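The model shown is predicted, which means the values in this text are computed figures rather than measured ones.
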Amino acid sequence: YEHSNLPLRTIEAEVDTWPFDRRIEVLEAYLGERPDQRLRPGRALEKAHYSWDLVCDYGIFRELQRHRCVDDLEWQHLTPRYGYNMPALIEEANLEEQFEECFGLSLELYDIMQQTGYALESQYATLQGHRLRWKVTFNAREAFHIYEQSTRPQVHPDYQQFVAQMHAKLAEAHPILAEAIRD
């Protein structure tokens with residue numbers, strides 16, 4: 001648009017006539033070479049948005065939430081019903097039984113509070129290790145940032161794996177964009 005003197009609708013009508021190969025060629029040229037991850041991709045990628053319905057542990061939720069460049073973020077009431085993961089550190093310390101006992105007590109307390117009319121307050125019975133359901137929307141430009149930040153060596157492996165799964169889903173919808181993100 002900025003390199004033309006034509007109205008947006010005229011440009012869109014012209015692009016609609018392009019064959020698929022031409023569209024791919026232009027997209028790849030726009031994405032270009034990024035010798036450094038600090039060089040963010042173009043702002044046109046802010047037009048494409050991805051919405052996610054996620055279930056993950058609270059640590060991953062907070063890590064994704066901290067990016068603060070999302071367009072929409074909401075979470076459902078906390079509940080122990082989505083389960084939890086057993087951290088490797090707990091297994092290495094042979095504390096699985098005590099860990100599971102804590103989560104079992106949490107579920108019992110949650111159920112009691114639910115049954116006695118404290119549905120909202122029952123969220124306090126959940127533990128930080130419980131999974132939660134939430135939704136988030138971010139644009140394609142932000143997808144670059146989230147993925148690239150997750151590949152740093154100091155990032156927690158669970159978070160890296162979670163973002164890699166999101167990247168794989170994004171690749172199903174937009175493989176060329178996903179490939180550019182990975183490079």
Side-chain angles (χ1 to χ4, degrees), residues 37-38 40 45-46 48-175 177-183:
Q37 287 184 352
R38 286 176 289 197
R40 305 260 329 249
L45 294 178
E46 292 174 357
H49 286 81
Y50 301 94
S51 292
W52 304 88
D53 179 21
L54 304 169
V55 176
C56 64
D57 70 39
Y58 193 75
I60 291 172
F61 164 74
R62 292 293 293 158
E63 185 64 26
L64 279 167
Q65 185 187 35
R66 81 174 177 80
H67 288 287
R68 295 187 185 159
C69 0
V70 298
D71 298 319
D72 181 32
L73 186 144
E74 294 180 42
W75 58 90
Q76 295 177 348
H77 286 181
L78 301 176
T79 174
R81 301 213 185 278
Y82 295 124
Y84 57 91
N85 292 331
M86 178 73 65
L89 186 63
I90 298 296
E91 291 175 345
E92 291 167 12
N94 292 324
L95 295 172
E96 297 97 335
E97 189 175 314
Q98 293 91 329
F99 188 86
E100 288 175 351
E101 185 178 323
C102 290
F103 281 84
L105 288 170
S106 169
L107 179 59
E108 284 179 39
L109 177 58
Y110 180 86
D111 287 343
I112 291 168
M113 293 179 79
Q114 288 274 309
Q115 292 169 10
T116 55
Y118 293 98
L120 189 59
E121 294 86 349
S122 66
Q123 295 179 88
Y124 286 106
T126 60
L127 303 177
Q128 186 156 349
H130 280 116
R131 295 185 192 120
L132 71 148
R133 179 180 294 279
W134 60 295
K135 72 177 183 80
V136 65
T137 300
F138 52 81
N139 64 51
R141 192 167 190 239
E142 184 58 23
F144 275 81
H145 177 71
I146 290 170
Y147 180 79
E148 291 167 352
Q149 293 295 310
S150 76
T151 60
R152 294 183 176 176
Q154 66 271 27
V155 173
H156 194 280
D158 291 346
Y159 179 71
Q160 288 178 338
Q161 181 182 9
F162 192 80
V163 172
Q165 291 170 350
M166 291 175 71
H167 181 265
K169 284 297 201 185
L170 187 145
E172 291 174 13
H174 295 130
L177 189 61
E179 187 62 35
I181 290 173
R182 187 176 21 247
D183 290 341

Rounded to the nearest 0.5 Å, how far does [atom2] of [Y] lie from [atom1] of [X]?
{"X": "Leu132", "Y": "Arg62", "atom1": "CG", "atom2": "CZ", "answer": "11.0 Å"}
{"X": "Leu107", "Y": "Thr126", "atom1": "CG", "atom2": "OG1", "answer": "11.0 Å"}
{"X": "His49", "Y": "Arg141", "atom1": "NE2", "atom2": "CZ", "answer": "12.0 Å"}
{"X": "Gln161", "Y": "Gln165", "atom1": "CD", "atom2": "CD", "answer": "5.0 Å"}
{"X": "Glu121", "Y": "Met113", "atom1": "CD", "atom2": "CE", "answer": "6.0 Å"}
{"X": "Gln160", "Y": "Gln154", "atom1": "CD", "atom2": "CD", "answer": "9.0 Å"}

Taking the side chain as everything from C-beta on, heavy atoms only, tell me whether [X] gets closer than 4.5 Å to [Y].
{"X": "Gln65", "Y": "Trp75", "result": "yes"}
{"X": "Leu54", "Y": "Lys135", "result": "no"}
{"X": "Val136", "Y": "Asp72", "result": "no"}
{"X": "Asp158", "Y": "Glu63", "result": "no"}
{"X": "Leu45", "Y": "Leu177", "result": "yes"}
{"X": "Leu170", "Y": "Ile181", "result": "yes"}
{"X": "Gln128", "Y": "Asp57", "result": "no"}
{"X": "Trp52", "Y": "Phe138", "result": "yes"}

Quiz item: At their closest point, which heavy atom of Gln123 faces which heavy atom of Leu78, and how far apart are they?
Solution: OE1-N, 2.8 Å
Exercise. Identify the two heavy atoms, one from Trp134 and one from Leu73, that lie closest to each other, and give their separation to 0.1 Å.
Key: CZ3-CD1, 3.6 Å
Quiz prompt | Distance-only polar pair, side chains of Ser122 and Gln114, donor-acceptor under 3.5 Å | solution = yes
Are [Y] and [X] an aromatic pair, judged by ring center distance below 6.0 Å?
{"X": "His174", "Y": "Tyr50", "answer": "yes"}
{"X": "Tyr84", "Y": "Phe99", "answer": "yes"}
{"X": "Tyr58", "Y": "Phe61", "answer": "yes"}

Quiz item: Can Ile112 and Tyr118 be said to form a side chain to side chain contact (heavy atoms under 4.5 Å, CB included), step by step?
Solution: CA-CA 9 Å; Ile112 291 168; Tyr118 293 98; over 6 Å; no
Quiz item: Would you say Glu97 has more than 12 foreign heavy atoms packed within less than 6.0 Å of its CD?
Solution: no
Practice problem: Go through Met166 and Leu64 one step at a time and tell me if the side chain to side chain contact (heavy atoms under 4.5 Å, CB included) criterion holds. | Solution: CA-CA 12 Å; Met166 291 175 71; Leu64 279 167; 4.1 Å; yes
Quiz item: Can you list the steps and then say if Glu91 with Met86 is a side chain to side chain contact (heavy atoms under 4.5 Å, CB included)?
Solution: CA-CA 7 Å; Glu91 291 175 345; Met86 178 73 65; 3.5 Å; yes
Under a 3.5 Å distance rule, please check whether [X] uses its side chain to pair with a backbone N or O of [Y] as donor and acceptor.
{"X": "Glu142", "Y": "Asn139", "answer": "no"}
{"X": "Gln149", "Y": "Phe144", "answer": "no"}
{"X": "Ser106", "Y": "Ala125", "answer": "yes"}

Self-check item: Option passing ring pair (Phe, Tyr, Trp, His ring centres under 6.0 Å) with His130 (candidates Tyr124, Phe103, Tyr82)
Solution: Phe103
Practice problem: List the steps and the verdict of side chain to side chain contact (heavy atoms under 4.5 Å, CB included) for Asn85 and Arg131. | Solution: CA-CA 8 Å; Asn85 292 331; Arg131 295 185 192 120; 2.4 Å; yes
